[in-house]
Amino acid sequence: MEKHSSDYPTSIMDLSDDCLSTIFEFLDCNLDREEFGLTCHRWLKIQNMGCRSLQFRSSCTIFDLSSSSQSTVVIDGYHINRLLTRFQHLHNLAFSGCNELPDSALVPLKLYGSKLNSLHLDCCFGLTDNGLSLVTTSCPSLTVISLSPCNITDVGLETLANAYPALKEINLSYCPFVSDCGLKSISQRCSQLQAVKISHCMGITGIGFEGCSPALTYIDAEFCNLESKGIAGIISGGGLEFLDVSNISWGIKGDGLAVVGSGFAQRLKFLNLRMCIFIGDESIMAIAKGCPLLQEWNVAQCHGIKISGWESIGVNCNKLEKLHVNRCNNLCDGEFQALREGCKRLRVLYISRYRRVSDNAIKLFKLCRGNVELREEERMYIGPRGQFSDIGWIHMPF
């Protein structure tokens, strides 16, 4: 008697590769995705084909640079070639922390880099402008690149600008050899640029942003040598929503930041002026009036703000939800009253225990504004792009 196919048991191994690929795509747990390929060679092949984001476990952070215990990862073109031969459909690749990565190690990208959208080369101290040239000829689809901190120069930035007019995000934090000249190439030729990190780039004053695209919404320029003209350049595109210019106290004094409220930053929602200790009331008043959409504002340790500035914040910042006033020397009971009576949408007020506001004023604030949470601890200021291109990476060690 002939047996029908339905009489034979079936298993998941009878599924087609397309079905297995669909199953892999729907796995939302990184551990499950990493262990998928341990089942058998066939499933490993499916995993390799489905892998889109890859990062080394040994990657370091910028804060590890002074650590004597940090490990050094030595890789060459052979290692990268093996890696890219296995994962041929990557969209996001990170060699972050490969401290001695030479330019020549990037040659295999010529064969396998055509689909890459983002490339992270943070802490790759061996990378030079020649390496960037290899990247531009090998990865035509890049929209995100992170180079913090690398020894690239303005020549490398000009190469990037010419190759990637559709570039959206670039991280140049701690890059010691870049200046306004290279930044100008990026900001003017990359019309879709949305986010730039240039923190701790001491060769940048900000004028390289002049004439930037309105698509630019995010700039992190902490600890830069910004000037008033540079601030004007930064906001010149008119589309800025997040701006961090903290710790520029020695570069801009008095009312040099008043330009932020001149009308070009009306879309601004997040502003960090922490430790701009010389900022004056005129700048604060201009910003409070000229940036009506502000939702979070950090003026911690801005000792130049006096009664007129605090009153302007209270009256004009009608959409402000979070305000940082930690360690402001000229915030006393009278000035605190202006905050209590204004900022009607305020939800969180950061104010340290080391303050000049009396306990009675604090109690009165809590009584009148019970819906506002007072937080004594100083917290890291994080805007809408606290993590640059947050991607679900798969981590692979050598």
Notebook entry, point to check: Out of curiosity, Ile362 CD1 to Leu367 CG, how far, rounded to the nearest 0.5 Å?
Noted result: 13.0 Å
Margin query: Within the 4.5 Å heavy-atom criterion, are Leu273 and Ile248 side-chain neighbours or not?
Written below: no
Checklist line | NZ/Lys344: more than 12 non-hydrogen atoms of other groups inside 6.0 Å | finding: yes
Margin query: Less than 3.5 Å apart, any donor N or O on the side chain of Ser199 or Ser173 sitting next to an acceptor on the other?
Written below: yes
Margin query: Pair Val245, Phe223 - check side chain to side chain contact (heavy atoms under 4.5 Å, CB included), show working.
Written below: CA-CA 7 Å; Val245 291; Phe223 272 111; over 6 Å; no
Item checked: Verdict with supporting geometry, Arg355 and Arg327, side chain to side chain contact (heavy atoms under 4.5 Å, CB included) -> CA-CA 6 Å; Arg355 61 178 186 269; Arg327 301 172 185 253; over 6 Å; no
Margin query: What I want to check is whether the side chains of Thr205 and Asn225 have a donor and an acceptor closer together than 3.5 Å.
Written below: no
Check: In terms of the angle between their ring planes, are Phe242 and Phe270 parallel, tilted or perpendicular, with boundaries placed at 30° and 60°?
Finding: tilted
Next item on the list: Tell me, with the steps shown, if Leu183 and Phe209 meet side chain to side chain contact (heavy atoms under 4.5 Å, CB included).
Entry: CA-CA 7 Å; Leu183 195 60; Phe209 285 105; 3.2 Å; yes
Notebook entry, point to check: Is there a donor-acceptor pair closer than 3.5 Å between any side-chain N or O of Ser283 and the backbone N or O of Ala258?
Noted result: yes
Margin query: Could you check whether Lys319 pairs with Glu321 (Lys NZ or Arg NE/NH1/NH2 to Asp/Glu carboxylate O, under 4.0 Å)?
Written below: no
Margin query: Let me confirm one number: the NZ-CD distance from Lys184 to Glu158, rounded to the nearest 0.5 Å.
Written below: 11.0 Å
Check: So do the side chains of Leu349 and Phe365 get within less than 4.5 Å of each other, counting heavy atoms only?
Finding: yes
Item checked: Point-to-point distance, once rounded to the nearest 0.5 Å, from CD1 of Ile287 to CD of Glu282 -> 11.0 Å
Next item on the list: Drop me the distance from Ser53's OG to Leu116's CG, to the nearest 0.5 angstrom.
Entry: 10.0 Å
Check: Quick one: does Leu160's side chain get under 4.5 Å of Ile170's, heavy atoms only?
Finding: yes
Next item on the list: Would you mind checking if Arg353 and Glu376 are paired as a salt bridge, meaning a charged N to carboxylate O distance below 4.0 Å?
Entry: yes
Notebook entry, point to check: What distance do Trp297 atom CH2 and Cys291 atom SG have between them, rounded to the nearest 0.5 Å?
Noted result: 7.5 Å
Margin query: Are more than 12 heavy atoms, taken from residues, nucleotides or ligands other than Gln295, located less than 6.0 Å from that residue's CD atom?
Written below: yes
Check: Does Glu241 pair with Arg267 as a salt bridge, N-O distance under 4.0 Å?
Finding: no
Notebook entry, point to check: Do the side chains of Tyr164 and Ile145 get nearer than 4.5 Å, heavy atoms only?
Noted result: no
Check: Rounded to the nearest 0.5 Å, how far apart are SG of Cys328 and CD of Gln301?
Finding: 8.0 Å
Note to self: If you define the side chain from C-beta out and look only at heavy atoms, does anything of Ser308 sit under 4.5 Å from Met285?
What the structure shows: yes
Next item on the list: Report yes or no: do Ser358 and Asp333 form a side-chain donor-acceptor pair below 3.5 Å?
Entry: yes
